[in-house]
Amino acid sequence: MSDPLRHWARQLLTAEGFAAEPDAAVEGEAGAAAASAPSLLAAAVAEGVRDLRDLPWSSIDNVETRDVDQLEVASAVGGGTMVRVAIADVDAFVPQGSAVDANAAQNTVTVYGLGVLLPMVPTVLSEGVSSLLPGRDRLALVAEFVVGDEGVPRDGAVYRALVRNTVQMDYDSLNDWFAGRAALPEHAIPLEAQLRMQHAAAVRLHGQRLLMGALEFERRETRAVLENGEVVNFAVTRRGAARDLIEDFMIAANVVIATYLEEKNVSWVRRMVGAPARWDKIVGIATRNGVTLGETPDRVAVGAFLRGARERDPAGFEELSLSVLRLLGSGHYVVERQAEDLEAHFALGVDDYTHF
């Protein structure tokens, strides 16, 4: 990527309120935290953090990903499949009130651009000591739950653990394998049975959410293809079984976390998509497609309408679903205070939901 474009990107980010260039205090703290990783791991083990390094953890992400933030593993239990989702414990390296914490609070997200990456925390942490890279001992926050035949996550638990990624895989190659278009990549062959177990659990989770009114949209995502720092093409990101697996596991894990926080009777941050204010417009779209919706927003009815529209006209479904998606409005975050009960997430088919 040329220096003028990189300079322009940083100018744009700065104008939008981002800290585009971490200062010396941020870099210094991050470097010191990275150097302290061995002692932090030892201290965590001494404090009784669960040691789950012997489980066949794996990750599925984009092929170029270095900031690996999620692992999954499944095991057969009485009455279902136990699923564990591990999220990188970045908090272990970023003390509250530190310069790194303040920088992350200002940016709030990692920004990915054309050859420009602005991480929420410095890469020595996000792509280094906190990243769940293969063969590395890492701290994580684990959400575990059991998926029975009915597809409802139950017996949820939340705890810190020591984990080790055994195989890093990518969406595209696993999508092709799940669809029967290609062989399983050689490095993933030892996990074939594990992947099939995870896939079966994800399918059950997804089916239950559809019954509860989860909405399925056709969303085309594109990404730039770079060669020697120059954009040479654009590629379409395909959805498939691997992406659906990660999405279904993450939604279930977020519900487990939300339930855990509610049970602790503390305030927590809920991710919400409320009942659409422009419901009449959605009703109009359904009517033009031969389907009658009621006067009151009904996510189960909308979900059935969308599934039927996909079956009747697969070629035109992307445009229709995009229209409905826009009418739902933007998602937002709200603080749910103790003993408060806010409305459910309209699009996901779940009630309590957060981004942990």
Side-chain angles (χ1 to χ4, degrees), residues 69-70 72 83 85 87 108-109 141 143-147 150-156 158 201-219 221 239 243-283 285-286 293-307 309-310 320-356:
D69 58 6
Q70 177 177 333
E72 306 80 36
V83 174
V85 176
I87 298 298
T108 72
V109 296
L141 186 68
E144 79 172 33
F145 50 91
V146 173
V147 184
E150 75 289 348
V152 178
R154 57 179 172 81
D155 301 336
V158 181
V203 168
R204 297 199 299 275
L205 287 168
H206 191 75
Q208 173 62 26
R209 287 199 301 108
L210 290 181
L211 291 177
M212 296 298 294
L215 308 185
E216 293 185 300
F217 301 101
E218 190 69 34
R219 293 167 293 179
E221 300 177 11
R239 288 198 65 83
R243 289 184 180 274
D244 290 343
L245 184 157
I246 295 301
E247 180 177 287
D248 289 316
F249 279 7
M250 199 64 244
I251 290 172
N254 284 336
V255 170
V256 168
I257 292 291
T259 303
Y260 172 83
L261 294 171
E262 280 201 327
E263 290 174 348
K264 294 296 183 182
N265 197 29
V266 297
S267 300
W268 56 284
V269 179
R270 178 193 281 267
R271 174 66 173 173
M272 291 184 63
V273 173
R278 293 179 286 179
W279 175 250
D280 60 322
K281 302 294 184 183
I282 296 176
V283 170
I285 292 174
L293 298 178
E295 296 182 358
T296 303
D298 183 340
R299 69 188 188 189
V300 175
V302 176
F305 161 58
L306 289 173
R307 290 193 296 277
R310 186 197 294 271
L320 183 147
S321 67
L322 182 59
S323 298
V324 174
L325 180 61
R326 288 173 173 168
L327 290 170
L328 288 183
S330 300
H332 58 283
Y333 295 94
V334 296
V335 175
E336 179 160 328
R337 305 187 187 281
Q338 297 177 23
E340 192 175 22
D341 189 19
L342 301 179
E343 63 182 309
H345 194 297
F346 191 85
L348 292 180
V350 297
D351 293 328
D352 297 324
Y353 189 71
T354 188
H355 278 171
F356 97 94

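Taking CZ of R326 as the start and CZ of F217 as the end, the distance is 12.0 Å to the nearest 0.5 Å. With rounding to the nearest 0.5 angstrom, the CG atom of L325 is 11.5 Å from the CG atom of L320. For the atom pair CD1 of I251 and NE2 of H355, the computed distance is 8.5 Å after rounding to the nearest 0.5 Å. To the nearest 0.5 Å, atom CE of residue M212 and atom NE2 of residue H345 are 14.0 Å apart. Annotation: the span from L293 atom CG to D280 atom CG amounts to 11.5 Å, rounded to 0.5 Å. Going from atom CD of E262 over to atom CG of D351 covers 9.5 Å, rounded to the nearest 0.5 Å.
By the neighbour-count criterion of 12 heavy atoms within 6.0 Å, atom CZ of R307 is densely surrounded, having more than that number from other residues, nucleotides or ligands.
When all heavy atoms are compared, the tightest approach of L205 to P153 is CD2-CD, 3.8 Å. Nearest heavy atom pair, residue D352 against residue V255, reads O-CG2, 3.5 Å. Scanning all heavy atoms of the two residues, the minimum distance from A258 to T354 falls at N-CG2, 4.0 Å. Scanning all heavy atoms of the two residues, the minimum distance from I285 to S323 falls at CD1-CB, 3.9 Å. Nearest heavy atoms, V256 versus G156: CG1-CA, 4.0 Å. Minimum heavy-atom separation, G294 to W279: O-NE1, 2.8 Å.
Scored by the salt bridge (charged side-chain N to carboxylate O under 4.0 Å, His left out) test, R271 finds no partners at all (sequence neighbours excluded). Remark: A253 pairs with V85, A143, F145, M250, F356 by the side chain to side chain contact (heavy atoms under 4.5 Å, CB included) rule, at least two apart or across chains. Applying the salt bridge (charged side-chain N to carboxylate O under 4.0 Å, His left out) criterion to E216, with sequence neighbours excluded, gives no partner residue. Under the rule for a side chain to side chain contact (heavy atoms under 4.5 Å, CB included), the partners of V152 that lie at least two apart in sequence or sit in another chain are E150, Q208. Taking the side chain to side chain contact (heavy atoms under 4.5 Å, CB included) definition, one finds that V300 meets it with D298, sequence neighbours left out. Evaluation of the side chain to side chain contact (heavy atoms under 4.5 Å, CB included) rule for A275 yields P297, E343, F346 as partners, not counting sequence neighbours.
Within the 4.5 Å cutoff, the side chain of L328 has no heavy atoms near those of the V302 side chain. Inter-residue side-chain proximity for Q70 and I246 is flagged as met; some heavy-atom pair is nearer than 4.5 Å. Here the side chains of R270 and Y333 are not in contact, with every heavy-atom distance at 4.5 Å or above.
Side-chain atoms of R204 come within 3.5 Å of backbone N or O of V147 as a donor-acceptor pair.
Among pairs with a residue in residues 246-258, those fulfilling side chain to side chain donor-acceptor pair (under 3.5 Å) read H206-D248, R209-D248, R239-E247, N254-Y353, at least two apart in sequence or across chains.
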Exercise. Please step through side-chain contact (heavy atoms from CB on, under 4.5 Å) for the pair V324 and L306, ending with a clear verdict.
Key: CA-CA 9 Å; V324 174; L306 289 173; 4.2 Å; yes
